[in-house]
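The next block holds one structure in the form of structure tokens; read it before the comments.
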There are 2 protein chains.
Amino acid sequence: MAAKTKNPVQAAAPAPAAATLPPYRLTEQVGHLLRRAHQRESAIFQDNMGDAATPTQFAALAMLTERGPLSQNHLGRLIAMDPATIQGVVQRLGERKLVDRVPDPVDKRRFLVRLTRRGVEAYEAMEDRARAVTRETLSPLEPDEQAQFIALLKRLG
Amino acid sequence: MAAKTKNPVQAAAPAPAAATLPPYRLTEQVGHLLRRAHQRESAIFQDNMGDAATPTQFAALAMLTERGPLSQNHLGRLIAMDPATIQGVVQRLGERKLVDRVPDPVDKRRFLVRLTRRGVEAYEAMEDRARAVTRETLSPLEPDEQAQFIALLKRLG
DNA sequence: CTCCTGTTGTTCGTATACGAACGAGTGTGG
DNA sequence: CCACACTCGTTCGTATACGAACAACAGGAG
């Protein structure tokens, strides 16, 4: 159901053109809904992962697994994080020995960030749970709706 | 693992139990996509609003406009914010004189948070721009897709 | 009334998130 | 070779975001 519907039901004040705008309802706005959906996903993530990693930290580990060692800023760009943000994330992963930093031989400004043995193991132990997080997050939707939602969501990036 | 590795190119049928799981791609996960979409919306919001208010602050002003004076925690619940978070938001709105706190006559624990004159004016000056933010955020989608996206997003709340 | 439970708002600690400014290094144009 | 623009990673300041713990108060059971 989505077309040029006439919808006589909600016509509270069909007034002339420039007249009454529909009221602004915060709970109808994309921004608010996106914020809440993201909030919910984070909560589900934490329920499933406990202290293993935050969503952001897991994203870094996943990208390093996918792409191998990367410079810090490059890693940040791949997962959409500010240099200032990725700095803290890498630092905390380093403190927990999940990640390593070696100077780049060619470019003295850079460090190559790479997974340690512990980092690889930690990631492998989390991947299944990460899949479960995605499933649980999308569980209010039917399978075809899930695919549609993901497709639309990608186009807002 | 025995059996014949038939390897049907891309059969619609999901592989049997122990077979290869599809690789985990961070950029396909709802969590990551939600985070990025929310990020983009925040950026659009800031472009349109400048220093007038943050998305969170605007949400508080909008809800106070919709519902009138509210206790701090109640306001927080309506816009999905922790008591610890709404505390800071109300405080900063108070420092900018957009909001006011009067003790609740019936319940000595509570304060009623309400818009000041300046708060009302500030909100009114922002509402149109907030509508523009929603439009711009959803602009990569066709109108019917926008409606569908919003409908699906609501069900993930 | 007293005790108990739950709510209200606060504070602390931690983790994103990003703008702005910075020193150090790189690469290009001249 | 030098000057200049750009990049890399860092730091500071500010604003969410939330768990945990807290004192003060509210409302009901006994």
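Proteins get letters first, then strands, A, B, ... in listed order; numbering begins at 1 in each.
Using modelled atom types, one finds a donor on one side chain and an acceptor on the other under 3.5 Å when comparing A:Thr134 with B:Gln29.
Checking B:Lys108 against A:Gln72, the closest nucleotide of DNA chain D that is more toward the 5' end is the one next to A:Gln72.
Atom CD in B:Glu95 sits about 11 Å away from atom P in D:dT14, given to the nearest Å. Regarding B:Gln91, its CD atom lies at a distance of 8 Å from the P atom of C:dT10, rounded to whole Å. In this entry the distance linking CD1 of A:Ile86 with P of D:dC8 reads 13 Å, nearest Å. Here D:dG27 presents its P atom at 6 Å from CG of B:Asp107, a figure rounded to the nearest Å. Distance, A:Asn73 CG to D:dC8 P: 5 Å, rounded to whole Å. In this entry the distance linking CZ of B:Arg101 with C1' of C:dT8 reads 11 Å, nearest Å. In this structure, A:Phe111 atom CZ and C:dA24 atom C1' are separated by 11 Å, rounded to whole Å. Rounded to an integer number of Å, the gap from CZ of A:Phe45 to C1' of C:dT16 is 13 Å.
For A:Arg114, the CZ atom is loosely surrounded, since the number of other residues' heavy atoms within 6.0 Å does not exceed 12. In the displayed structure, B:Lys97 atom NZ is contacted under 6.0 Å by at most 12 heavy atoms of other residues, nucleotides or ligands. Around atom CZ of B:Arg96, more than 12 heavy atoms belonging to other residues, nucleotides or ligands sit under 6.0 Å away. Heavy-atom contacts from other residues, nucleotides or ligands closer than 6.0 Å to CD of B:Gln39 number more than 12.
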Contact state string [nucleotides 17-22 of chain C, B base, S sugar-phosphate only, - no protein heavy atom under 4.0 Å]
BBB---
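If you check every strand for non-hydrogen atoms under 4.0 Å, A:Val106 touches sugar and phosphate atoms only. Residue B:Ser71 is classed as a sugar-phosphate contact, given heavy-atom separations below 4.0 Å to backbone atoms only.
In this structure, A:Gln57 reaches the C:dT16 phosphate: one of its side-chain N or O atoms is under 4.0 Å from OP1 or OP2. Residue B:Arg77 places none of its side-chain N or O atoms closer than 4.0 Å to OP1 or OP2 of C:dT7.
Heavy-atom minimum distance, B:Ala132 versus B:Asn48: CB-OD1, 4.3 Å.
With hydrogens and angles ignored, a donor-acceptor pair under 3.5 angstrom links the side chain of B:Arg109 to the base of C:dT7.
Between A:Phe58 and A:Tyr123, the ring-plane angle classifies as parallel under the 30° and 60° cut-offs.
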